[in-house]
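Inspection log for the structure reproduced underneath, given as structure tokens.
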2 protein chains.
Amino acid sequence: MQGFNQLNKAFESRVRLGIMSILLVNDWVNYTDMKDTLGLTDGNLASHVSSLEKLEYIQVRKEFVGKKPQTSYAATQLGKLEFQKHIDGLERLLKGS
Amino acid sequence: MQGFNQLNKAFESRVRLGIMSILLVNDWVNYTDMKDTLGLTDGNLASHVSSLEKLEYIQVRKEFVGKKPQTSYAATQLGKLEFQKHIDGLERLLKGS
DNA sequence: ATTTTTAACTTTGAAACACAAAGTCCTTTT
DNA sequence: AAAAGGACTTTGTGTTTCAAAGTTAAAAAT
């Protein structure tokens, strides 16, 4: 089975798959946009985000925009690399044998 | 997010992804081959298989080959269809936005 | 004729995960 | 002063994952 062992458990959840695929093409995405784009609840997004952060697959930036706090996310180099591997695994799996 | 909502929870596990992708290109695959190809334990394969069977995504055939019992699996039409939708979702997700 | 092996499970149990709802905290708008 | 917004954390419940061990029935080996 080509690719099967390249699959990363961290990306098996559709939510984390969504987060990473957004962060692969967008450099910084804020909390609210992420939540709305994926249609998640606050708690749900927060927990998936924190698990990706713990793995150092994404980084979190907190700042004030105007007077409001804003949290944004970006994929780290490691995150992009691991996600690419996962995608490659998927593609091989689906094309292969 | 293109594709995100086309993702099927049933295929989020790498094991079930593996099973389905094998059954998409091979008509009937037996228990032992499936287990070895994916490197799974007995119990693990059995449980994933039974969850896919419950959803009617795969069908199970039991017969004797020579003197030995043999269980084989194939994807149903529904299974192939749903899996295709999932794959399409994945592709859109990964290419899109 | 026993013992061992093979095939295919089922059961068990512990850990991880998913997710909504509710609560928190701090700030800003009204 | 009250309400609302942003970003969480906590809680609780239900589901999933997976290996290990146990089960059954037949076949092969001794």
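The model shown is predicted, which means the values in this text are computed figures rather than measured ones. Lettering follows sequence order; numbering is per chain, from 1.
Sequence order on DNA chain D of the closest nucleotides to Thr32(A) and Glu12(A) puts Thr32(A) first from the 5' end. Mapping Lys68(A) and Gly43(A) onto DNA chain D by nearest heavy atom places Lys68(A) closer to the 5' end of the strand.
Counting any heavy atom pair closer than 4.0 Å across all strands shown, Ser13(A) reaches sugar-phosphate atoms only and no base atom. Within 4.0 Å of Lys62(B), counting heavy atoms only, lie sugar-phosphate atoms of the nucleic acid but no base atom. Here Ser47(B) lies out of heavy-atom contact (under 4.0 Å) with every strand.
Within the 4.5 Å cutoff, the side chain of Met20(B) has no heavy atoms near those of the Leu24(B) side chain.
The separation between Leu38(A) atom CG and dA20(C) atom P is 13 Å, rounded to whole Å. In this entry the distance linking NZ of Lys35(B) with P of dA7(C) reads 8 Å, nearest Å. What separates CG of Asp42(A) from P of dA4(D) is a distance of 16 Å, to the nearest Å. Distance CG (Leu45(B)) to C1' (dT11(C)): 16 Å, rounded to an integer number of Å. Regarding Glu53(B), its CD atom lies at a distance of 14 Å from the P atom of dA8(C), rounded to whole Å. Rounding to whole angstrom units, CG of residue Leu40(A) and P of dC19(C) are separated by 8 Å. Summarising the geometry, the separation between CD on Glu63(B) and P on dA7(C) is reported as 14 Å, rounded to the nearest angstrom. Between the OH atom of Tyr73(B) and the C1' atom of dC9(C) there is a distance of 9 Å, rounded to whole Å.
Of the candidates dA19(D), dC9(C), dA7(D), the closest approach to any side-chain atom of Thr41(B) belongs to dA19(D). Looking at the side chain of Arg14(B), the nearest of the listed nucleotides dC18(D), dA20(C), dA7(C) is dC18(D). Out of dC18(D), dA7(D), dC19(C), the shortest distance to the side chain of Gln70(A) is found at dA7(D). Taking only side-chain atoms of Lys9(A), from C-beta outward, the nucleotide of dC18(D), dA18(C), dA7(C) with the closest atom is dC18(D). Considering only side-chain atoms of Asn44(B), the nucleotide from dT29(C), dC17(C), dA19(D) that sits closest is dA19(D). Comparing dA8(C), dA18(C), dA28(D) by their nearest atom to the side chain of Lys67(B) picks out dA28(D). Listed candidates were dA18(C), dC9(C), dA7(D). Nearest to the side chain of Ala46(B) is dC9(C).
Taking side-chain N and O atoms only, Arg16(B) has a distance below 4.0 Å to OP1 or OP2 of dT17(D). Contact check, Thr71(B) against dC9(C): a side-chain N or O comes under 4.0 Å of OP1 or OP2. Taking only side-chain nitrogens and oxygens, His48(B) never comes nearer than 4.0 Å to OP1 or OP2 of dT16(D).
A donor-acceptor distance shorter than 3.5 angstrom exists from the side chain of Glu12(B) to the backbone of Arg14(A), with no hydrogens or angles considered. Not a single donor-acceptor pair under 3.5 Å links the side chain of Arg92(A) to the backbone N or O of Gln2(A). Of the possible polar contacts, none joining the Thr71(A) side chain to the Tyr31(A) backbone as a donor-acceptor pair under 3.5 Å is found.
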Report task. Decide side-chain contact (heavy atoms from CB on, under 4.5 Å) for Leu81(A) and Lys85(A); before the verdict, give the C-alpha distance in whole Å, the side-chain angles of both, and the deciding distance to 0.1 Å. Result -> CA-CA 6 Å; Leu81(A) 210 113; Lys85(A) 270 199 252 171; 4.2 Å; yes
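With ring centers used as reference points, Phe11(B) lies under 6.0 Å from Phe83(B).
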